[in-house]
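This report refers to the structure that appears directly beneath it.
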Amino acid sequence: MKCPNCQHEQDTGKFCGKCGAGLVTNPNMESQATVTPEPAAYQAAAAVNPAHTEPNQHVEKVKVQSKQYWNYFLRYFKQPGLIIDQSADQFVNALITMGIFALFFSLAIYKNLSVALSPMDEFGGFFGGSQSLMPSFFSVLFGTVLTLGLLFALSAACIYAVSKFAGPDESFKSIVISFGTLMIPSVALVVLAYALLLISSMTYGNLVLIISLGLAVSVMPLYLVTVLLKKASKTVD
């Protein structure tokens, strides 16, 4: 401390030992003394190790299901007929396969409608019409999914009836698993059809689209019925 009167310096005391004047401590020195910065090692550790966050259980579940479905898709894409004797624990994957087919088929239908109705909208706009003839994607998606769902349900019901009265009497769930898995080649074709439509290859795209639908609701059900009847044929032929 320094005396403000005679500039005498001393370590302790409230009064100057030389002239007796009162001593005043420097407030800046006190504030600096009270502030204790965090150690550099602690700051570095906090930067390297941020607060741990718990992973989202729903996201992790979706990742696991996606990986399982991809392995399932690759396996039965090469040999879809294996599902006839290995249908256990594939019900969810079979439903996902049918859902993917319905989604891409809806996208292909919407693309066809946009190409077909676009000239009409332009022609109407030439005469001052403001309302578009193009339906919304969700309406197309709902109608297509509903129609395909009815077709798939009818196909599975027919196969189940054949299996019940003339074949090995498989459960309806087993029929759905086999039917959905046998649609994997159809899914690959409908994705290819949509890709062709996106690059404006309308003829080839629609041809592949028709083949994918015919394979899904005609060829594969007949193949499944044939395999079931070969496994165990009853008196009703």
Side-chain angles (χ1 to χ4, degrees), residues 64-110 112 140-197 204-237:
V64 172
Q65 183 63 46
S66 301
K67 185 177 181 180
Q68 291 178 352
Y69 180 78
W70 180 245
N71 294 332
Y72 155 86
F73 186 90
L74 291 179
R75 179 183 181 184
Y76 291 107
F77 178 75
K78 298 176 182 178
Q79 291 180 303
L82 292 177
I83 195 61
I84 305 298
D85 299 320
Q86 304 173 6
S87 60
D89 300 330
Q90 299 296 349
F91 184 71
V92 175
N93 290 329
L95 294 180
I96 293 174
T97 301
M98 289 187 280
I100 293 175
F101 181 89
L103 175 61
F104 277 92
F105 198 88
S106 301
L107 291 170
I109 294 298
Y110 186 77
N112 276 299
V140 174
L141 177 65
F142 178 78
T144 306
V145 170
L146 181 61
T147 303
L148 290 177
L150 291 175
L151 282 175
F152 295 160
L154 180 61
S155 299
C158 291
I159 297 170
Y160 174 73
V162 171
S163 174
K164 183 73 173 178
F165 297 105
D169 195 9
E170 296 283 345
S171 66
F172 186 75
K173 182 178 180 180
S174 177
I175 295 297
V176 172
I177 293 173
S178 299
F179 178 76
T181 304
L182 289 172
M183 283 184 59
I184 288 180
S186 301
V187 170
L189 286 176
V190 78
V191 173
L192 175 61
Y194 181 62
L196 291 172
L197 293 175
Y204 291 107
N206 284 308
L207 178 61
V208 176
L209 187 66
I210 294 172
I211 293 174
S212 68
L213 181 62
L215 188 65
V217 298
S218 179
V219 177
M220 285 304 178
L222 291 175
Y223 167 78
L224 182 55
V225 167
T226 303
V227 172
L228 292 176
L229 291 179
K230 283 184 177 180
K231 286 177 64 175
S233 181
K234 296 180 180 179
T235 54
V236 179
D237 192 351

### Message
Applying side chain to side chain donor-acceptor pair (under 3.5 Å) to T97 and Y76, what does each step give before you reach the verdict?
### Response
CA-CA 11 Å; T97 301; Y76 291 107; over 6 Å; no

### Message
Would Q68 and N71 count as a side chain to side chain donor-acceptor pair (under 3.5 Å) here? Give the steps.
### Response
CA-CA 5 Å; Q68 291 178 352; N71 294 332; over 6 Å; no

### Task
Begin with the C-alpha distance, continue with both residues' side-chain angles, and end with the deciding distance and a verdict on side-chain contact (heavy atoms from CB on, under 4.5 Å) for L148 and M98.
CA-CA 9 Å; L148 290 177; M98 289 187 280; over 6 Å; no

#### Entry: Pair S212-L209, side-chain contact (heavy atoms from CB on, under 4.5 Å): steps then yes or no
CA-CA 5 Å; S212 68; L209 187 66; 4.2 Å; yes

### Message
For a side-chain contact (heavy atoms from CB on, under 4.5 Å) check, start with the C-alpha distance between Y72 and T181, then their side-chain angles and the critical distance, and finish with the verdict.
### Response
CA-CA 9 Å; Y72 155 86; T181 304; 2.7 Å; yes

### Check against side chain to side chain donor-acceptor pair (under 3.5 Å), Y110 and T144
CA-CA 10 Å; Y110 186 77; T144 306; over 6 Å; no

### Query
Going through the checks in order, is the side-chain contact (heavy atoms from CB on, under 4.5 Å) test met by Y69 and I100?
CA-CA 12 Å; Y69 180 78; I100 293 175; 3.6 Å; yes

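The two atoms that bring Y160 and F172 nearest to each other are CE1-N, 3.6 Å, heavy atoms only. Closest of all the heavy-atom pairs between P221 and A216 is CD-O, 3.4 Å. Here the closest non-hydrogen pair linking L197 and A108 is CD1-CB, 3.6 Å. A pairwise comparison of heavy atoms in G205 and L196 identifies CA-CB, 3.7 Å as the closest pair. The two atoms that bring S106 and V140 nearest to each other are O-CG1, 4.0 Å, heavy atoms only. For L182 against P185, the heavy-atom pair with the smallest separation is O-CD, 3.3 Å.
Within the 4.5 Å cutoff, side-chain heavy atoms of L141 are placed close to those of L103. Between K67 and V64, the closest side-chain pair of non-hydrogen atoms is not below 4.5 Å.
Between W70 and F73, the ring planes are parallel. Angles under 30° get that label, and only those over 60° would be called perpendicular.
Separation of atoms NZ (K173) and CZ (F91) is listed at 6.0 Å; rounding is to 0.5 Å. In this structure, CD1 on I210 lies 12.5 Å from CG on L189, to the nearest 0.5 angstrom. From F104, atom CZ reaches atom CD1 of I109 across 14.5 Å, with rounding to the nearest 0.5 Å.
Not one N or O on the side chain of S163 forms a donor-acceptor pair closer than 3.5 Å with the backbone of I159. Looking only at distances, no side-chain donor or acceptor of S178 sits under 3.5 Å from a matching main-chain atom of I175. The backbone N or O of F165 lies less than 3.5 Å from no partner atom in the side chain of D169, so there is not a single donor-acceptor pair. Within the 3.5 Å criterion, the main-chain N or O of E170 finds no donor-acceptor partner in the side chain of S174.
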